[in-house]
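Chain letters run A, B, ... following the sequence lines, proteins first and then strands; every chain starts at 1.
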Amino acid sequence: MLSELFDPLLLQLIIVGALVTLINRLAGHYILARFEPINYRVEAALEAVPVAVMTTLVMPAVVTGGWLERLCLVIAMVLCLRVPFAAAVFGAVGALVIYRNFV
Amino acid sequence: MNPPKADILEGVRVSMPFIFSVFPFGMVVGTLGVNSGAGLPDVLLQSLLFFAGASQTVMWELYPQGLSLWVIAVAIFAVNFRLVLYSAAIGRRLEPLTKPRMLAALFLLQDISLAVGIQRADSPSGLTWHYYMGLSLMLYVTWIISVVLGAIFGVFISDPQLVGLDMLVPVYFLCLVMGFRAKPNAATIFAVSAGIAAIVFVYIGSPYHIGAGGVAGMLVAAMLATPPANKASNNVV
């Protein structure tokens, strides 16, 4: 039985949370799709989404972290110019881990 | 254009480096769910339906506090608001698609599929639905497996700092951003978004820095945009 497997209140929360998340995922495209063709400024704003949004996900670490954490981010940026994605991520985090454990 | 099967495999291939970075995050979310008092079925169902790590984390942090359903729902909406922007950005790059295919693609949309998908769309090969689904389904399956393993075995990390867990997500997103450095005005957009996000994070708090910084960066991009050069000549012809 479903009710034996799931806590009813928690099940409600999961369903509502999933619906909210799905609305987020659909809203952007389906609202925008009504306004074709789009203006060049809207186009530029949409092109900017990855940089504009993902940058914000880095900032808490910059604000709450110390100089070591900020240096780790700078190392990651430099590595990104030279090596593939995964190597840059693990290089920067790896250097930080080594420093924290051994220095 | 590539045959669908080749495109799916290409999508699966590019997902590989990301799988390693998604896995630890999924295990932490699975452990967090069980530690919040949920059972494995709850944790599994949440991951199957959400497929959005940050909001799953927020839900497991708020759930034990006995808040009302709607307070938690608003928190989930706020954390996932970036998906609205992602959806607007990638939906039109996937068009034209049948409705079921578009719904499937948008259901699986998250940070990596957006970043990799847009980069593919900008490349000469172009973005196809099959490529996008190969990538996104690999991430989806990885996410489910890692969350379930985290829920079953539990990740006990006495000091997350010593294994660098606190910096994995920021470094990861910074490297995704760096992949877009050739885009027009990327450095300016980066600077404005970073500045506004930092200010809002300090004075208002999370998760509002995401929406504020994101929208600020998009506004700057719109302001700096120049009209397409060939438009006038197109009108004449």
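- Of the atoms belonging to A/Ile75, not a single heavy atom falls under 4.5 Å from chain B.
- For B/Phe201, the part lying under 4.5 angstrom from a heavy atom of chain A is the side chain only.
- Of the listed residues (B/Leu106, B/Ile76, B/Leu49, B/Val74), the greatest number of heavy-atom pairs within a distance under 4.5 Å of chain A belongs to B/Leu106.
- For chain B, no part of A/Val62 is nearby; none of its heavy atoms comes within less than 4.5 Å.
- The most heavy-atom pairs under 4.5 Å with chain A, out of B/Met223, B/Gln56, B/Met102, come from B/Met102.
- Residues from residues 165-172 of chain B that place a non-hydrogen atom less than 4.5 Å from a non-hydrogen atom of chain A comprise B/Asp166, B/Met167, B/Leu168, B/Pro170, B/Val171, B/Tyr172, given in numerical order.
- With a 4.5 Å cut-off on non-hydrogen atoms, B/Leu176 touches chain A through its backbone and its side chain both.
- Note that the CG atom of A/Leu46 and the CZ atom of B/Arg92 stand 5.0 Å from one another [nearest 0.5 Å].
- Across A/Val42, A/Leu32, A/Leu73, the residue that shares the most heavy-atom pairs under 4.5 angstrom with chain B is A/Leu73.
- Taken to the nearest 0.5 Å, the CZ atom of A/Arg25 stands 12.5 Å off from the CD1 atom of B/Ile90.
- A/Asn101 contributes a side-chain N or O that, together with a main-chain N or O of B/Leu162, makes up a donor-acceptor pair within less than 3.5 Å.
- For the set B/Asp42, B/Ile189, B/Leu69, B/Val177, the entry with the most heavy-atom pairs within less than 4.5 Å of chain A is B/Asp42.
- Most heavy-atom pairs under 4.5 Å with chain A: of the set B/Phe173, B/Trp70, B/Phe190, B/Phe50, this distinction falls to B/Phe50.
- Chosen from B/Cys175, B/Gly164, B/Ala197, B/Ala38, the residue pairing most often with chain A at heavy-atom distances under 4.5 Å is B/Cys175.
- Residue B/Ser87 holds its OG atom at 9.0 Å from CG of A/Asn24, rounded to the nearest 0.5 Å.
- With a 4.5 angstrom heavy-atom cutoff, B/Phe51 touches chain A via backbone and side-chain atoms both.
- At most 12 heavy atoms of other shown residues, nucleotides or ligands fall within 6.0 angstrom of atom OH in B/Tyr208.
- How far CG of A/Leu22 is from CG of B/Asn80: 11.0 Å, rounded to the nearest 0.5 Å.
- Of the two parts of B/Ser206, neither the backbone nor the side chain holds a non-hydrogen atom closer than 4.5 Å to a non-hydrogen atom of chain A.
- A distance of 9.5 Å separates CG of A/Leu26 from CG of B/Leu109, quoted to the nearest 0.5 Å.
- If you take CE on A/Met54 and CD1 on B/Ile210, they are separated by 11.5 Å, rounding to the nearest 0.5 Å.
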